[in-house]
Amino acid sequence: MTTEMQEIAITEDKPLLTGQADSTKDAELAARILLDQGQEHSIETPHGVLHVTLHGTRTTRRPAILTFHDVGLESKSCFSTLFKFEEMQEIVKNFTLIHIDAPGQEEGAAAYPTGYQYPSMETIAEMIPAVLQFFNFRTVIGVGVGAGAYILSKFALANPDSVEGLVLVNIDTNARGWIDWAAQKLSSVTSSLTEQILCHLFSQEELSSNTELLQSHRDRIGKASNLVNIELLWKTYNSRRDLNIDRNSTFKCPVMLVVGDQAPYEEAAVECNSKMDPTTTSFLKMADAGGLPQLTQPAKLTEAFKYFIQGMGYMASSCMTRLSRSRTTSLSSSYSMDGSRSRSRTLSQGSQGGQMPPSPSQTMEVSC
C-alpha cells in the first residue's frame with residue numbers, strides 16, 4: 001500500500017509542476033505584452049480629455065518619465081523608437097513611462113467638427129497636473145520634442161515642484177516674429193499642410209534626400225483620419241507666446257537641450273541655451289541626427305539620457321556603453337557667466353565606463 005501511494009505521488013507530481021511552469025510563463029508573457037503595449041487611459045482634465053498611455057508599474061518611489069510629442073506626430077510615432085531601443089531598457093525597467101497625446105492627436109482620433117476651438121499651448125500645459133494626480137505621481141522627468149518641449153516648458157515654469165528634470169528636443173522658446181508669420185502665411189498658400197509639417201520636422205538635407213523616414217511620415221500624415229486636428233495643433237503652436245526665459249527667470253530643475261546639428265531649430269536651441277542657467281543646463285548638439293534625433297540617433301540620445309539621469313542621482317550603478325566604449329565626446333564651455341558668447345574651450349576625451357556625468361554647464365557635441 002505504501003509503495004502504491006508513493007507511485008501515485010510520483011506520477012502526479014510531474015503534471016502539477018508542468019502546469020505551474022506553464023502558468024508562470026503565461027503570466028510573464030501577458031505582463032510583457034501589457035508592458036510593451038501600455039495601458040491606455042482617457043483622463044478628464046479641467047480643459048478636456050487627454051489620451052495617455054502608461055508603461056510600467058505605478059511605483060511612486062521615483063519620478064515618472066513623462067513625454068510630450070511634436071506636431072505631426074503622436075506618442076507612438078514620436079517616442080517608440082527611442083524607448084524600445086535595446087539600451088534604453090535599463091532606464092525603462094526602472095521608471096514608469098507616461099506618454100501624453102495632445103488633444104485629438106492620438107492614433108485613430110475622431111476629427112473635430114468645423115469651428116472647434118482648439119486649446120492654446122498654455123491651456124494644454126494646464127491639463128498636465130490632472131494626469132499626475134490621476135496616476136498619483138508627485139514629480140516627473142519631462143521629455144518633450146518641438147511643440148511638446150514648449151508645452152512641458154510651460155508646465156515646468158508654472159509647476160516647478162512637480163518637475164525634477166527636463167529633456168527638451170528642438171525647443172523654440174520664442175513667439176513667431178512678423179517675418180516668420182509672413183513666411184508661414186506664404187507657405188500655407190504654396191504648400192500643403194503635410195509639406196509644411198515635414199519642413200518643421202526634418203532638416204533641409206533630409207528633405208532634399210527624401211529619406212525613407214521622411215517618406216513614411218509624409219504617407220502617415222497625409223492619410224491621417226484626424227488631419228484637421230493636426231492642423232489645429234499646428235496653428236496653435238505657430239501662435240505660441242514667448243516663454244520669456246532668461247538667466248534670472250528660468251527653470252528650477254536640471255535641463256538637457258538636444259538638437260541635431262542641421263535641424264530646423266538648431267539656431268533656436270542655441271539661443272535658448274544662451275538664456276539658461278549654465279550651472280543646471282547641458283546642451284547636446286548631435287551630429288548627423290537630422291530633425292528628429294530620437295528617431296535617427298536613439299543610441300546617442302539614450303547614452304546622453306543615462307548621463308542626465310545619473311546627474312540627478314538616479315541609476316548610479318548604470319554602466320555607459322556605446323559612447324563610452326568607442327566614441328569621443330567634445331565638451332565645450334560655450335558661454336561666459338555674463339551671458340555673452342565667449343570663445344569655446346573644448347576638451348576632447350575618451351569616456352570611461354562609470355565616469356561621472358559631464359558638468360551641467362558644459363555643451364556636449366557628440367559625433368561618431
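- Classification of the Tyr116-Tyr118 ring pair by plane angle, with boundaries at 30° and 60°, yields perpendicular.
- Note: Phe83 and His99 have perpendicular aromatic rings, judged against thresholds of 30 and 60 degrees for the angle between ring planes.
- In this structure a side-chain-to-backbone donor-acceptor pair under 3.5 Å is present from Gln105 to Pro103.
- Using a 4.5 Å heavy-atom threshold, the side chains of Ile221 and Leu193 count as separate.
- Side-chain N or O atoms of Asn170 include none that pairs as donor or acceptor with a backbone N or O of Val145 at under 3.5 Å.
- For the atom pair CE of Met276 and CD1 of Ile245, the computed distance is 5.5 Å after rounding to the nearest 0.5 Å.
- At a threshold of 4.5 Å between non-hydrogen side-chain atoms, the residues Tyr265 and His200 count as touching.
- For Asp242 (side chain) and Asn174 (main-chain N/O), no donor-acceptor pair under 3.5 Å exists by modelled atom type.
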* For His47 and Glu126, run side chain to side chain donor-acceptor pair (under 3.5 Å): C-alpha distance rounded to whole Å, both residues' side-chain angles, the deciding distance at 0.1 Å, then the answer. => CA-CA 8 Å; His47 304 290; Glu126 291 171 1; 3.1 Å; yes
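- Listed for the Ser216 side chain is a donor-acceptor partner under 3.5 Å among the backbone atoms of Leu213.
- Aromatic ring centres of His41 and Phe135 lie closer together than 6.0 Å.
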* To do: Decide salt bridge (Lys or Arg N to Asp or Glu O under 4.0 Å) for Glu122 and Arg240; before the verdict, give the C-alpha distance in whole Å, the side-chain angles of both, and the deciding distance to 0.1 Å.
  => CA-CA 8 Å; Glu122 290 78 13; Arg240 66 189 179 276; over 6 Å; no
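- Using modelled atom types, one side-chain atom of His69 and one backbone atom of Ala102 make a donor-acceptor pair closer than 3.5 Å.
- Annotation: side chain of Lys154 is in contact with side chain of Leu243 (closest heavy-atom distance under 4.5 Å).
- Going from atom CD1 of Ile124 over to atom OH of Tyr237 covers 12.0 Å, rounded to the nearest 0.5 Å.
- Contact annotation: the side chain of Phe251 approaches that of Leu168 to within less than 4.5 Å [non-hydrogen atoms, C-beta and beyond].
- Asp70 places no side-chain N or O within donor-acceptor distance of the main-chain N or O of Cys78, the cut-off being under 3.5 Å.
- Side-chain contact check for His217 versus Leu73: some heavy-atom pair is nearer than 4.5 Å.
- No path of Ile, Leu, Val, Met, Phe, Trp and Tyr side chains, each step under 4.5 Å between heavy atoms, connects Met127 with Val49, placing them in separate hydrophobic clusters.
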* Asked: Under the side chain to side chain donor-acceptor pair (under 3.5 Å) criterion, do Ser203 and Glu206 qualify, and how do the steps go?
  -> CA-CA 5 Å; Ser203 68; Glu206 290 170 306; 3.1 Å; yes
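- Residue Gln89 places its CD atom among more than 12 non-hydrogen atoms of other residues, nucleotides or ligands, all under 6.0 Å distant.
- The main-chain N or O of Glu74 is found under 3.5 Å from a side-chain atom of Ser77 such that the two form a donor-acceptor pair.
- Of all the heavy atoms in Asp246 and Asn248, the pair that sits closest is OD1-N, 2.8 Å.
- Taking all atoms of both residues into account, the shortest heavy-atom contact from Asn229 to Tyr112 is OD1-N, 2.8 Å.
- Around atom CD of Gln215, more than 12 heavy atoms belonging to other residues, nucleotides or ligands sit under 6.0 Å away.
- Leu66 is listed as a side-chain neighbour of Leu132, based on a closest heavy-atom distance under 4.5 Å.
- Although no hydrogens or angles enter the test, the distance criterion places no donor-acceptor pair under 3.5 Å between the side chain of Lys306 and the main chain of Met315.
- Aromatic rings from Phe155 and Phe68 are positioned such that their centres are separated by 6.0 Å or more.
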* To do: Give the intermediate values and the outcome of side chain to side chain donor-acceptor pair (under 3.5 Å) for residues Thr139 and Glu164.
  => CA-CA 6 Å; Thr139 60; Glu164 292 195 26; 2.8 Å; yes
